[in-house]
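Heads up: the structure comes next, in structure tokens.
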There are 2 protein chains.
Amino acid sequence: MAEQNGPSTQQIVEKVWLSIAERRLRPGVQLKEEQMAAIFNVSRARIRQALTVLERDGLVTIIPNRGAFVSKPSVEEARDVFFVRRTVERCVVERLSRSVSKADLKRLRDHVAKERIANAQDITTDIIKLSGGFHLLLAETVGSDFLFTTMRDLISRSSLITAVYRNTNRFNCGPDEHAEIVEAITNNDVDKATRLMAHHLEHVESELDLSEIRDLSHDLRSALA
Amino acid sequence: MAEQNGPSTQQIVEKVWLSIAERRLRPGVQLKEEQMAAIFNVSRARIRQALTVLERDGLVTIIPNRGAFVSKPSVEEARDVFFVRRTVERCVVERLSRSVSKADLKRLRDHVAKERIANAQDITTDIIKLSGGFHLLLAETVGSDFLFTTMRDLISRSSLITAVYRNTNRFNCGPDEHAEIVEAITNNDVDKATRLMAHHLEHVESELDLSEIRDLSHDLRSALA
DNA sequence: TCATTTCACATTGTTGACAATTCCGCAATC
DNA sequence: GATTGCGGAATTGTCAACAATGTGAAATGA
């Protein structure tokens, strides 16, 4: 009977992820099932499933019999995520620089172009999605399913970390640095590509203020709308 | 009201994981919710949750409206997992060899001792759990939550891969090689530790037969009992 | 006034039933 | 004989009601 099917689990996950990345949902906020079910117009069961996935992604922390809360990554966790990223992404660009198809290069260039457009038009939502998406696309291009999954986890957590600790107004991952990396990959310049990636990640990390978390309660409905 | 509470979600996940690692559950086998609910004596909802986690771990593949099946890792996926493991675990032992507490060293040695016992007594279940657990313990000791999670994913997939492609009768990860690695870490010998780990992983991978998957249907109840 | 107990409310966890979808066998047709 | 269309059975997806748990505020006593 119709039930005006609401968004799928994956869509809910993405929506919450975006809300966190855009800082509309602050760490510590409780994600109440019933409330979310009302907002997304779905049953609690589906919300529950989405929360399970989000916990697995490290974006929310579920405390049994208490509920799900937006995670508060500690400073050490933040440093660790970037440490792992340096290791993993170095490996990614290394493999790509050695062998990459023309079609893949085109996809990468097209993606950077999209990033440029989003930046020029200053569409925050697209900027966030695409800047993380670039790193994800790199991992995907390698062709390793595991690498891709790992990268997705890293990107999710990075978004959360950036949302919490960012001290500048600009969002991370400018398209220019991405473009340089693509260029180095195109030229099969392994050394330059890895150096650029390392520098890029350092740059992103350097824009974080690793002092304290500012707590701020928030209205769930307006954040997820 | 009592309901003789069945196993928790995590326990179910572990049980399935073990069944897969022990080759009692073969790739391609469908994990029917109702059947599993009956076997574990819990509701379908909990089974469903466990399956979601298992999918995230890469052990099962969920096809919408079809069901959950034990994953069939391809040869490329197998190679990729070991490639990533070489990268990640190298990073792990590198960090550990630089700085490790006495208490941590004791835990590592105790773990190897347990492995020795399990091997001596030839208890397959323990051997499998502990040999994967060693690598997991290494990652945990580093103190990075993300590294630990990543390692757990890798171990899960490795178990599946080993279960599918292993061509020898012995299980991977002999305790002797583990002991050597611990010793190198104890001596803060970064170079030796990384070399030993690389060699160890090569050894494990070399025992795999990367030709073809042999299909074989199976009885679900006896496999999970 | 402060600590402690009690109790009601809010939230999560679980269950069983129902709806929707897919698969498999069978028959009819070309 | 191969193919296609058509139920019926099996399985997954969804929901709403109920039970269990934790929280916080009010009441009580020192």
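Quick note on labels: first sequence line is chain A, next is B, and so on, each numbered from 1.
Look at CG on A:Asn41: it is 10 Å from P on D:dA16, rounded to the nearest Å. Here D:dT14 presents its C1' atom at 12 Å from CD of B:Glu33, a figure rounded to the nearest Å. When rounded to the nearest whole Å, the span between CG of B:Leu31 and P of D:dT12 equals 9 Å. Remark: C1' of C:dC23 and CD1 of B:Ile63 are 13 Å apart, rounded to the nearest angstrom. In this structure, the NZ atom of A:Lys32 is 14 Å from the P atom of C:dG13, given to the nearest Å. In this structure, the CD1 atom of A:Ile47 is 13 Å from the P atom of D:dA16, given to the nearest Å. Regarding A:Glu34, its CD atom lies at a distance of 13 Å from the P atom of C:dG13, rounded to whole Å.
In this structure the side chain of B:Ser158 reaches within 4.5 angstrom of the side chain of B:Arg85, judged on heavy atoms. B:Ile128 has its side chain within reach of B:Leu18: a pair of non-hydrogen atoms, C-beta onward, lies under 4.5 Å apart.
Each of B:Ala68 and A:Arg44 has a nearest nucleotide on DNA chain D; the 5'-most of these lies closest to B:Ala68.
Of all nucleotides listed (D:dT11, C:dT14, D:dT14), D:dT11 comes nearest to the side chain of B:Gln30. With D:dT14, C:dT15, C:dT12 as the choices, the nucleotide that has an atom nearest any side-chain atom of A:Ser43 turns out to be D:dT14. Residue B:Arg48 has its side chain nearest to D:dT14 when only D:dT14, C:dT12, D:dC15 are considered.
In this structure, B:Arg152 places its CZ atom where more than 12 heavy-atom neighbours from other residues, nucleotides or ligands lie under 6.0 Å away.
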Are there any protein N/O atoms within less than 3.5 Å of an N/O atom in nucleotides 21-25 of chain D, and if so, which ones and at what distance?
from: D:dT21; atom 1: O3'; to: A:Asn65; atom 2: ND2; distance (Å): 3.4
from: D:dT23; atom 1: OP1; to: A:Arg66; atom 2: NE; distance (Å): 3.2
from: D:dT23; atom 1: OP1; to: A:Arg66; atom 2: NH1; distance (Å): 3.1

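Under the side chain to side chain contact (heavy atoms under 4.5 Å, CB included) criterion, A:Glu94 pairs with A:Arg90, A:Arg98, A:Val190, A:Thr194, not counting sequence neighbours.
Cation-pi geometry between B:Arg95 and A:Phe83 is met: the NZ or CZ atom falls under 6.0 Å from the ring centre, inside 45° of the normal.
Ring-plane geometry between B:His178 and B:His200 is classed as perpendicular, the angle between the planes exceeding 60 degrees on a 0 to 90 degree scale with a lower cut at 30.
Across A:Leu59, A:Val81, A:Asp57, a single residue satisfies side chain to side chain contact (heavy atoms under 4.5 Å, CB included) together with A:Leu160, and that is A:Leu59.
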